Enquirer: 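My questions will all concern the structure given below.
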Amino acid sequence: MSSAHVLVVGGGFGGLDVAVAVRRRRPDTPVTLVNPSAHLTYRPWLIYLPAGERQPADLRVPLAGLSRFGITLLVDSVTTLDPQGTTRLASGEHVSFTHAVVATGAHSDPGLFPGSADHAFFPCDTAEATRFTEAFRRLEKGQVTVVIAGERPGPGLEYAGWLVRALEREAGRRAIGVRVVDAEGRLAAVLGPRALSRVADHFTSRGHEFVTGATVLKIGPDGIRLAGGQILGSDLTAVVGPLRGHDLGLPPEALDDRGFVRVDRNLRSPLHPTLFAVGDAAAVPEGRTLPKSMIMARSQAKTVADNVLRSLEGVDPKPFDFDKARRSVVAMPDFGGRTVFVKNQKLIMSGRLPLVLRSLIDKSFFRTHDYGTEEGS
Ligand SMILES: Cc1cc2nc3c(=O)[nH]c(=O)nc-3n(C[C@H](O)[C@H](O)[C@H](O)COP(=O)(O)OP(=O)(O)OC[C@H]3O[C@@H](n4cnc5c(N)ncnc54)[C@H](O)[C@@H]3O)c2cc1C
């Protein structure tokens, strides 16, 4: 009997795909998946919560049915991961492993703008999304500002678009304005000039505001200070985009300066050959930058699963095809039931048509990962 034991930390898109692939292809290898909840959160749908377009329960994909693959699910959190083969969980339990995959995703970084930890919501984090939704629903008048910053600008635009859509549906809330602040032109850099102009028109033609290229200095209780002295009044502020890795107590030399796990072209730690990282949690080699997206997490998961299996079999790892992944990158933000389809900053399509493509991606995920709620269900 093999003494191999694969530990997957994090039951999001990357972790789930790796755990299932390893177990399917090597059913005699024990696989343990640790995740703080018994479900995966379908993060791309967080943007629909403020408008009530989806409910929190719609975003939960149960993980209990993974037992049918023989995967052991521990509903717990890893507090310390020693790459040499042991991990400590929040419950105090220890799990030993021969191979570990860090698939813990990313959380919002409140450190980018002074004041944001106290005066802004970070609705890309699941619990914050609910709090932001509640605060938005309580608001009767005033200004909501979505500051887009950091490395994942798309969801900021999407949130703002759905806030506008929600307000349009409720005649009594027309006194609320939505403002998008595209800090340092992060969104502009993804969309390119034509798509950006379409997006800006979408907001301004509906009486809302769209500011791009601003430098945000500080976020206060009732406004945002920009470089140049301008202050934008804001009754409810959300910051979307800046990310950090979750703290797993890994040795600092295994991490980059934002807490992401450094990996080589095989998506493996250069320092610890049996430690892998996938998805948002991975810091890919310099010059290989990829967006932190569900699509990328799932694509990396194939290589990580392959390389875990190769390592178990004593075979050399296979590199992730960064060039192919880069070529496949498109942006399709859904900002209130409208979208632009952008590739390499070029607007390819707009309107509602790309939404069909988005819904196919959603359906494909839910179809693949519908395991029922428990063994045999
Ligand atoms: C609002 C929003 C909209 C988005 N829209 C899109 C989109 O339209 N298309 C797209 O491709 N991408 C989109 N993304 C990005 C996408 O959701 C992420 O890139 C994707 O979730 C990354 O997958 P992952 O497996 O790396 O991490 P995640 O899906 O975040 O999963 C990580 C898991 O690890 C768990 N975890 C964290 N810490 C620990 C710990 N210590 N111990 C155990 N488990 C832990 C977490 O609870 C979580 O379950 C969006 C993101 C957001 C926030």
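Since this is a predicted model, take the numbers as computed values, not measurements. In listed order, ligands and their atoms are each counted from 1.
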Enquirer: Would you say the rings of F365 and F13 are close, in the sense that their centroids are separated by under 6.0 Å?
Expert: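 Ring centres of F365 and F13 closer than 6.0 Å.
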
Enquirer: Under 4.0 Å, heavy atoms only, figure out whether ligand 1 is touched by the backbone of V240, its side chain, both or neither.
Expert: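 Under 4.0 Å from ligand 1, V240 contributes no heavy atoms.
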
Enquirer: Report, in ascending order of atom number, the atoms of ligand 1 lying under 4.0 Å from any heavy atom of V9.
Expert: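 Those of ligand 1 that fall under 4.0 Å from V9 are 42 (N), 43 (C).
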
Enquirer: Show me which atoms of ligand 1 lie under 4.0 Å from any heavy atom of P36.
Expert: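 In order of number, 35 (C), 36 (N), 43 (C), 44 (N), 45 (C), 47 (O).
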
Enquirer: For the ring pair W162 and Y48, is the centre-to-centre distance below 6.0 Å?
Expert: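 Under 6.0 Å, so yes.
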
Enquirer: Tell me which protein heavy atom sits closest to atom 26 (O) of ligand 1, plus the residue, atom name and distance to 0.1 Å.
Expert: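 Checked against all protein heavy atoms, atom 26 (O) of ligand 1 sits closest to D280 N, 2.9 Å.
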
Enquirer: Under 6.0 Å between ring centres, would you say that holds for F366 and Y42?
Expert: yes

Enquirer: Looking at E128 and R131, is any side-chain nitrogen of the basic one under 4.0 Å from a carboxylate oxygen of the acidic one?
Expert: yes

Enquirer: Using modelled atom types only, decide if a donor and an acceptor are shared between the side chain of H99 and the backbone of L7 within a distance under 3.5 Å.
Expert: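 No, H99 side chain to L7 backbone: no donor-acceptor pair under 3.5 Å.
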
Enquirer: Which one of A297, P155, S37 has a non-hydrogen atom at the shortest distance from atom 3 (C) of ligand 1?
Expert: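 Residue with the shortest heavy-atom distance to the ligand atom: P155.
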
Enquirer: Could E158 and R358 be called an ion pair, given the rule that one side-chain N must be under 4.0 Å from one carboxylate O?
Expert: yes

Enquirer: For atom 31 (O) of ligand 1, what is the closest protein heavy atom, and at what distance to 0.1 Å?
Expert: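 The answer is G12 CA, 3.2 Å.
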
Enquirer: Nearest heavy atom to atom 2 (C) of ligand 1: which of R358, H39, R43, R152 does it belong to?
Expert: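 Residue with the shortest heavy-atom distance to the ligand atom: R43.
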
Enquirer: Is L16 reachable from V261 through a run of I, L, V, M, F, W or Y residues, each pair having side-chain heavy atoms under 4.5 Å apart?
Expert: no

Enquirer: Would one find an N or O of I295, backbone or side chain, under 3.5 Å from an N or O of ligand 1?
Expert: yes

Enquirer: Check E170 with R165, please: is the shortest side-chain N to carboxylate O separation under 4.0 Å?
Expert: no

Enquirer: Do me a favour and list the nearest non-hydrogen protein atom to atom 25 (O) of ligand 1 with residue, atom name and distance?
Expert: G14 N, 2.8 Å

Enquirer: Closest non-hydrogen protein atom to atom 10 (C) of ligand 1, residue and atom name please, with distance?
Expert: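 Answer, as residue, atom name and distance: M294 N, 3.4 Å.
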
Enquirer: Atom 38 (N) of ligand 1: which of L243, T104, I361 has the nearest heavy atom?
Expert: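 Shortest heavy-atom distance from atom 38 (N) of ligand 1: T104.
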
Enquirer: Does an N or O from L46, backbone or side chain, lie closer than 3.5 Å to an N or O of ligand 1?
Expert: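 In this structure, L46 places no N or O atom under 3.5 Å from an N or O of ligand 1.
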
Enquirer: Would you mind finding which of A103, G10, A129 brings a heavy atom closest to atom 32 (C) of ligand 1?
Expert: A103

Enquirer: Give the residue and atom name of whichever protein heavy atom lies nearest to atom 4 (C) of ligand 1, and the separation in Å to one decimal.
Expert: P44 CA, 3.5 Å

Enquirer: Specify the protein heavy atom at minimum distance from atom 35 (C) of ligand 1: its residue, its atom name, and the distance to 0.1 Å.
Expert: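 Result: N35 OD1, 3.4 Å.
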
Enquirer: Among all protein heavy atoms, pick the one closest to atom 43 (C) of ligand 1 and tell me residue, atom and distance.
Expert: V34 O, 3.5 Å

Enquirer: For ligand 1, which atoms sit closer than 4.0 Å to a heavy atom of G279?
Expert: 26 (O)

Enquirer: Got a list of side-chain donor-acceptor pairs under 3.5 Å for residues 136-144, not counting sequence neighbours?
Expert:
unit_1	atom_1	unit_2	atom_2	d
R137	NH2	L49	O	2.9
Q143	NE2	G177	O	3.4

Enquirer: Should the pair F132 and F121 be assigned to parallel (<30°), tilted (30 to 60°) or perpendicular (>60°) ring geometry?
Expert: tilted

Enquirer: Does L217 sit in a hydrophobic cluster with other residues, and if so which ones, taking ILVMFWY side chains as linked at heavy-atom separations under 4.5 Å, directly or through other members?
Expert: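 So far as hydrophobic clustering goes, L217 is joined with none.
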
Enquirer: Is there a polar contact between ligand 1 and S293, counting only N or O atoms under 3.5 Å apart?
Expert: yes

Enquirer: Looking at non-hydrogen atoms alone, which of A301, C124, G105, G249 comes nearest to atom 27 (O) of ligand 1?
Expert: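 Selected option, by shortest heavy-atom distance: G105.
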
Enquirer: Does any part of the side chain of V329, heavy atoms only, come nearer than 4.5 Å to the side chain of M296, both counted from C-beta?
Expert: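 When only atoms from C-beta onward are counted, V329 and M296 do touch, with a gap below 4.5 Å.
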
Enquirer: Considering heavy atoms of the protein only, find what lies nearest to atom 41 (N) of ligand 1 and give residue, atom and distance to 0.1 Å.
Expert: V78 O, 3.0 Å

Enquirer: When only distance counts, is F13 in polar contact with ligand 1, meaning an N/O pair under 3.5 Å?
Expert: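 Right, the criterion is met.
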
Enquirer: Is the count of non-hydrogen atoms from other residues, nucleotides or ligands lying under 6.0 Å from K343 atom NZ greater than 12?
Expert: yes

Enquirer: Give the atom numbers and elements of ligand 1 that come within less than 4.0 Å of a heavy atom of K292.
Expert: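 Listed by number with element: 15 (C), 19 (O).
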
